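For reference, the structure discussed in these notes is given below.
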Amino acid sequence: MQPETHLRILDFPDALALVLDHAGKLTARPAPERLALLATQGRTLAEAVAADRPQPPFDRSTRDGFATQAASVQQGAAAQVIGQVRAGEIWQGAALLPGQAVEVMTGAPIPAGADCVVMLEHVLDEEPSGLRRVHLAEGRSIHAGENVVPCGSEARAGEVLLPTGTRMGAAEIAIAAACGRATLQVFARPRIAVIATGDELVEVEDSPLPHQIRNSNSYALATQIAAAGAEAIRQPVAQDTCEALLASIRAARACDLLLLTGGVSMGKYDLVEAVLLELGAEFFFTGVRMQPGKPVVFGRLPGTADRPPQYFFGLPGNPVSTQVTFLLFAAPLLRALCGERQQQPRFVQATLAEPLRTKTGLTRFLPALLHYDLHTPTVRQVPWQGSGDQAANARANGYLVVPPDRETLAAGEPVTVLLQ
Ligand code: AMP
Ligand code: MG
């Protein structure tokens, strides 16, 4: 039997704070790689992206209309239209004088001398004597600066728009494109070892005997790891023997993080902790007052001459527990290894659609369906049979968080939801 001095059971908020504290001190892998812009999607910047020129690069019209001086069309005055500028052109004439206007299109640079753009829809456009003139329509007004975005007002040249550690999505890739960055340096993807443990497990390609279970956790974790921006190294299933576990954990030593599933409960063949202990592990927690996920283990294996210390999580084998504890604990550490600055799990608030009852004592993460309504996002629990219920889990899109002191929640209450 393992010595029990390493045992440490925490309340959920303390466990999360502890993981985030470790994550905050981690650095990304060295040796960033340079990728083509589109290939950076989901990756984390290893360099800053700065504006290569002012944004916008000229005083830009936000409307189709007439660039002029606001004063030229006040009090019923009309301005004479002396030309036009399309997007992609530049006004070749002299700076506009009072009383002059130039027709401009959305996105065009406004001519020097103009201080506003009067919207096409707001003017009367006349050609009484061959001279084209515009004046404001009844009830319309204009002031200097209207419908013009001044040069450099969105970003100054040299201003950092994406700091190191930014995760690349559509908006980030777009601004990098706007700054002329066809390639970018991103942090190398951390390699995350996934070891499913259990004598009952067979692989997805195999036909299970009636008492056997298909290994689905490795697939859940590989998907969650990829979504977090890292690379999953799925190892073969490890049997519930010390020798098999030792060999499997040793084979994963080159990875940046070790995720084990199963074998962390109190059973006779739950040997993961004992084997880690034998390898000299330091345990930060060996259980959390939460459900699902109570037996979750977090710790670190000592470094060697040629390897840095290696963090590990022993995630409970029940599939919902595995996925919830990944989201709450493993994902933040993994994002830190990716070099990302935003590490914490994603919680949102929603209105509870139906009352619910549970037991006190543990923080609950109940599979739930969140409706992303425009006005009031609502959430309801998905009926489930407990932490092994993968079917219910697949009908959910988040987890309703119930604090440990709450036995009942009323419909209409604001509640916290963990997003997947
Ligand atoms: P354990 O944490 O090893 O006690 O396992 C708890 C439950 O989760 C048992 O019913 C296991 O059969 C199941 N389980 C463990 N590992 C996996 C896995 N990789 N895929 C699917 N189910 C699993
Ligand atoms: Mg097991």
Side-chain angles (χ1 to χ4, degrees), residues 1-2 7 9 15 192-226 232-249 251-252 255 257-278 281 283 285-299 312-331 362 364-367 384-396 399 420:
M1 212 40 215
Q2 54 191 288
L7 295 182
I9 316 291
I192 317 298
V194 175
I195 303 174
T197 74
D199 288 342
E200 75 280 31
L201 300 180
V202 299
E203 285 303 350
V204 63
E205 300 82 6
D206 298 334
S207 304
L209 296 170
H211 52 280
Q212 292 180 319
I213 296 289
R214 288 198 182 93
N215 168 22
S216 55
N217 285 346
S218 293
Y219 290 89
L221 290 176
T223 308
Q224 291 180 304
I225 288 166
I233 313 292
R234 278 186 300 120
Q235 295 199 178
V237 166
Q239 299 296 302
D240 289 318
T241 66
C242 289
E243 300 69 46
L245 288 169
L246 266 175
S248 199
I249 293 170
C255 288
L257 176 67
L258 173 57
L259 297 183
L260 296 126
T261 80
V264 286
S265 307
M266 286 288 129
K268 202 166 164 187
Y269 300 101
D270 291 325
L271 302 170
V272 165
E273 269 174 60
V275 169
L276 288 164
L277 210 52
E278 200 168 309
F283 288 90
F285 56 73
T286 54
V288 178
R289 290 183 197 91
M290 62 187 287
Q291 196 257 337
K294 196 154 169 259
V296 61
V297 171
F298 174 41
F312 62 80
F313 287 95
L315 307 177
N318 267 313
V320 187
S321 312
T322 308
Q323 291 169 48
V324 167
T325 50
F326 177 91
L327 283 176
L328 291 169
F329 302 125
L362 304 173
R364 311 270 166 179
F365 297 89
L366 307 174
W384 71 324
Q385 302 301 319
S387 47
D389 192 345
Q390 303 210 61
N393 192 47
R395 285 191 282 272
Y399 301 93
Q420 286 176 344

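Just the heavy atoms: all of them, side chains too, but no hydrogens, waters or symmetry mates, feed the values below. Both ligands and their constituent atoms are indexed starting at 1 by order of listing. Predicted model only: the values in this text are computed from it and were never measured.
Considering every non-hydrogen atom in both Pro292 and Phe365, the closest pair reads CD-O, 3.2 Å. Residues Asn217 and Pro319 approach most closely at OD1-CA, 3.4 Å, considering heavy atoms. Considering every non-hydrogen atom in both Arg234 and Ala222, the closest pair reads CD-CB, 4.0 Å.
The aromatic rings of Phe283 and Phe312 stand perpendicular to each other, their planes meeting at an angle above 60°, with 30° marking the opposite boundary.
In this structure, Leu315 and Ser321 have side chains that are not in contact, with every pair of non-hydrogen atoms separated by 4.5 Å or more.
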Identify all N/O pairs between ligand 1 and the protein with a separation under 3.5 Å and present them as a table of atom names and distances.
{"residue": "ligand 1", "atom": "2 (O)", "partner": "Gly317", "partner atom": "N", "Å": "2.9"}
{"residue": "ligand 1", "atom": "3 (O)", "partner": "Gly263", "partner atom": "N", "Å": "2.9"}
{"residue": "ligand 1", "atom": "8 (O)", "partner": "Gly317", "partner atom": "O", "Å": "3.2"}
{"residue": "ligand 1", "atom": "8 (O)", "partner": "Asn318", "partner atom": "N", "Å": "3.2"}
{"residue": "ligand 1", "atom": "12 (O)", "partner": "Glu200", "partner atom": "OE2", "Å": "2.5"}
{"residue": "ligand 1", "atom": "14 (N)", "partner": "Gly317", "partner atom": "O", "Å": "3.2"}
{"residue": "ligand 1", "atom": "19 (N)", "partner": "Asn215", "partner atom": "OD1", "Å": "2.9"}
{"residue": "ligand 1", "atom": "19 (N)", "partner": "Asn217", "partner atom": "ND2", "Å": "3.4"}
{"residue": "ligand 1", "atom": "20 (N)", "partner": "Ser216", "partner atom": "N", "Å": "3.1"}
{"residue": "ligand 1", "atom": "20 (N)", "partner": "Asn217", "partner atom": "N", "Å": "3.3"}

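When only modelled atom types and interatomic distance are considered, Ser216 and Gln390 share a side-chain donor-acceptor pair under 3.5 Å.
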